[in-house]
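So that the names make sense, note that chain A is the first sequence line, chain B the second, and so on, each numbered from 1. Model, not experiment: these values are computed from the prediction.
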There are 2 protein chains.
Amino acid sequence: MARGVGSSDGKRRPITARELARMIGVSQSAVSRAFTPGASIAAELRQKILKFAEEQDYHPNAIASMLSKSRTNIVGIVVSDMSNPFYPALIQKLSQGLQRIGLQSLLFNITKGSNIEEQLSALRRYNVDAVIVISATMLSGATLHWATEGRAAILINRVVEDADINCVCCDNVEGARAIADHFHELGRRRVAYVSGLSHTTTNLERQNAFITRIAELGMTLTGRVDGGEYSYEAGRRAALEIAAKNNADAIFFANDILAIGGIDALREDVGKRVPEDISVAGFDDIPMASWPHYALTTFRQPLDEIVTVVVGMLEDGSCQPGQPSSVRRISGGLIVRHSTGPLG
Amino acid sequence: MARGVGSSDGKRRPITARELARMIGVSQSAVSRAFTPGASIAAELRQKILKFAEEQDYHPNAIASMLSKSRTNIVGIVVSDMSNPFYPALIQKLSQGLQRIGLQSLLFNITKGSNIEEQLSALRRYNVDAVIVISATMLSGATLHWATEGRAAILINRVVEDADINCVCCDNVEGARAIADHFHELGRRRVAYVSGLSHTTTNLERQNAFITRIAELGMTLTGRVDGGEYSYEAGRRAALEIAAKNNADAIFFANDILAIGGIDALREDVGKRVPEDISVAGFDDIPMASWPHYALTTFRQPLDEIVTVVVGMLEDGSCQPGQPSSVRRISGGLIVRHSTGPLG
DNA sequence: CTGAAAGCGCTTACAG
DNA sequence: CTGAAAGCGCTTACAG
């Protein structure tokens, strides 16, 4: 076998509990108990052992612990698209939230094309305690089931109502309605909608709520384009398409990165003024949305609350396989900026 | 103990090698060998076992394997700042590169303020095979040594020449000189420099090379500001400071996200034209650098090559503790865009 | 090539 | 409260 990571040259083996126990003259069980909160061990013995451990730089081997407790304290985080700036922010907050309750994050970056089950096989072999799926797209229902069966699982920003699975999701209906209402108040009447991936639940919820609401308000849907992905480039292409075919005076993009691409296309490629000629709104409130050139009106996804709910479910065990699954909708908030100013 | 992730309710225990072996009527060793590439086992036996395994949905338990091989196939990735869009892109490519050679990524998101060694303690307890440190900042030399001692380690974009540690880094000197040369060709003569964190090696290299080069070229350094962090907001603040005090006709920002903030401040807050009044260049080539409003001239960090080199070092074992450490400089490339157009 | 057995370093009933 | 011992599910010399 090739050398490479893990070959043993140069690595000093760390000291074990048994060795430490022998040095102190206690049993190995005692050492284990000293490191187990709530274990039945005399306070002084624990102190003594911890002191020696410190001196000898002993740390319990987590791998051995995993094996005997059949619990890893590892959460698998399944992601597919870090190019949408919304995800890095979420992942960062999430992994920090998990760290706070003693859970580590094992990152699974799935890519289109290659065999996804193969990419996720480590999820099962490593016996992660829980799976958090952030990639709204990419995973079919079957793969999702396969990847999460028999273990705690939470989907973020993807909803599967029928299947027995936990979902934590921004309130897309609330958000899409808020955008529609906002367009209406601004006097916009010919609106268009741009989706990222039309079949995703995130999109369906936003799209249906938006279209329903504009109909209620007596506005016209002048165009609907599917970008094919949630990206800056897709937003540009979609905006061009809408500008070419429709006379929309407002566009709601399914998320911010699409909207930002859209604004650039409208201004740079088509020569439209945003917002004077056409209002643009997005969804998420990524950092770039507040950059002055875009000043994008958007519906904020409450990252902190989402993370709090997810971490809470992991902490209280309510996402365990035995438990009834739930769909948690987290309320967001409309952020009005310049991209939806008055007609000019 | 509280319920929570890992409590056993509802989880079916997966089948073990011993159970599978009994079903087939072979030894447990045989099952293990069937799953070990290169193990001495008859081809037919292996096929038979793999077939049964498939049927019974048996997968070797990676935790047990880790314990007996004392090798985890896990790489700890230490990150501190995912808000700079350069890092998500790097992490994504890196984790995919690692996955390709069978390594999983355990993410460590360290945060200012709290105890870093505590946050990194899992790095040791989990016995990761290797540590990749991406956070240029945050880690003191001592912490770095503590976190990586005795195991394979690679620093990305941070260089510690004296310590015995592996570094993979974009050629900052090449990049900073290229920017200086480019400013000079454009006829700019009064240049300023903005750092993110002045004490980081990344900054020192870029700054020193830049300042040295402009001196060689007979240009004047009219200002130097430290942003205090690599962020959009810091870039804005720094640009304002420079605009207020100096009459610079070009600014080199230590990275793109600073430069983008700088452009916005110059245009929105100070009313300067970029590039007609002042040229702006950055470093990294993040996606936003190519957005038309910024069209930022920058020095591209070759992400793919960096990842290739890192993965290669992990694969061939050259980053093992026993091996001599090395500093690998990866060559980048100047990307000229509109932000450094001719004087207007 | 194959199996029995020791061992990886913990946890945790069990008995005292 | 404490220790001896079985067990977590693999890997891998060792003997055949």
Side-chain angles (χ1 to χ4, degrees), chain A residues 1 6-8 11-50 53 56-74 122 124-127 129, chain B residues 1 6-8 11-50 53 56-74 122 124-127 129:
Chain A
M1 188 175 113
S7 55
S8 60
K11 267 193 192 168
R12 286 197 309 296
R13 195 176 48 71
I15 183 176
T16 69
R18 176 162 300 288
E19 291 164 348
L20 186 71
R22 193 157 300 162
M23 299 178 62
I24 310 183
V26 296
S27 72
Q28 190 258 306
S29 323
V31 173
S32 177
R33 290 190 183 105
F35 282 90
T36 307
S40 67
I41 180 176
E44 306 116 67
L45 216 207
R46 168 173 276 150
Q47 287 316 314
K48 181 176 172 187
I49 292 175
L50 291 179
Q56 301 295 323
D57 197 28
Y58 166 77
H59 297 273
N61 177 325
I63 305 298
S65 168
M66 288 180 204
L67 185 59
S68 46
K69 300 214 293 188
S70 43
R71 161 168 188 171
T72 56
N73 283 333
I74 293 178
R124 316 183 83 204
R125 288 184 294 109
Y126 278 64
N127 250 301
D129 286 341
Chain B
M1 187 176 113
S7 55
S8 60
K11 266 192 194 168
R12 289 198 303 298
R13 194 176 49 72
I15 183 176
T16 68
R18 176 162 300 287
E19 291 163 349
L20 186 70
R22 194 157 301 162
M23 299 177 60
I24 310 182
V26 297
S27 73
Q28 189 258 307
S29 322
V31 172
S32 177
R33 290 189 183 107
F35 283 90
T36 307
S40 66
I41 180 176
E44 306 118 65
L45 216 208
R46 167 173 278 151
Q47 285 318 312
K48 181 177 172 187
I49 292 175
L50 291 179
Q56 302 295 324
D57 197 29
Y58 166 77
H59 298 271
N61 179 324
I63 305 297
S65 167
M66 289 180 203
L67 184 59
S68 47
K69 299 215 294 187
S70 44
R71 161 168 187 170
T72 56
N73 282 332
I74 292 178
R124 316 183 84 202
R125 287 184 294 109
Y126 278 63
N127 250 300
D129 286 340

| said: Any non-hydrogen side-chain atom of B:D57 less than 4.5 Å from a side-chain atom of B:I15? | reply: no
| query | Checking all strands, does B:I63 fall into the base, sugar-phosphate, or nothing category for heavy-atom contacts under 4.0 angstrom? | reply | nothing
| task | For A:F35, answer base if it contacts any base atom (sugar-phosphate contacts may also be present), sugar-phosphate if it contacts only those atoms, and nothing otherwise; contact means non-hydrogen atoms under 4.0 Å. | result | nothing
| Among residues 25-32 of chain A, which contact DNA chain D at a heavy-atom distance under 4.0 Å? | A:V26, A:S27, A:S29, A:A30
| What residues, two or more places apart in sequence or in another chain, satisfy side chain to side chain contact (heavy atoms under 4.5 Å, CB included) together with B:Q47? | none
| field | B:L67: side chain to side chain contact (heavy atoms under 4.5 Å, CB included) partners, not counting sequence neighbours | value | A:I63, A:A64, A:L67
Which side-chain N or O atoms in residues 24-31 of chain A pair as donor and acceptor under 3.5 Å with protein atoms at least two apart or in another chain?
{"unit_1": "A:S27", "atom_1": "OG", "unit_2": "A:S29", "atom_2": "N", "d": "3.4"}
{"unit_1": "A:S27", "atom_1": "OG", "unit_2": "A:A30", "atom_2": "N", "d": "3.1"}

| message | Using the C1' atom as the point on both nucleotides, what is the distance between C:dT12 and C:dG16, in whole Å? | response | 16 Å
| remark: When every non-hydrogen atom of B:T72 is compared with those of A:Y126, the smallest separation belongs to O-OH, 3.0 Å
| task | Please report the closest heavy-atom contact between A:L50 and A:A34, naming both atoms and the distance. | result | CD2-O, 4.0 Å
| Pairing of DNA chain C as dot-bracket, 5' to 3': ( ) intra-strand, [ ] crossing, | other strand, . unpaired, with Watson-Crick or G-U pairs under 3.5 Å? | |||.||||||||.|||
| message | Under the side chain to side chain donor-acceptor pair (under 3.5 Å) definition, can you give me all pairs with a residue in residues 17-26 of chain B, not counting sequence neighbours? | response | B:R13-B:E19
| field | Interface limits on DNA chain D, where chain A has a heavy atom under 4.0 Å of a nucleotide atom | value | D:dC1 to D:dG9
| message | Side chains of A:R71 and A:N73 only: does a donor on one sit below 3.5 Å from an acceptor on the other? | response | yes
| task | Go through the structure and list residues passing ring pair (Phe, Tyr, Trp, His ring centres under 6.0 Å) with A:F35, not counting sequence neighbours. | result | A:Y58
| For DNA chain C, whose closest nucleotide is more 5', that of A:S65 or that of B:I41? | B:I41
| field | Along DNA chain C (nearest heavy atom to each residue), the more 5'-positioned of B:A64 and B:R18 | value | B:R18
| said: Going by salt bridge (Lys or Arg N to Asp or Glu O under 4.0 Å), name the pairs with one or both residues in residues 34-49 of chain B, residues two or more places apart or in two chains. | reply: none
| Contacts of type side-chain hydrogen bond (donor to acceptor under 3.5 Å, both in side chains), residue A:S32, not counting sequence neighbours | none
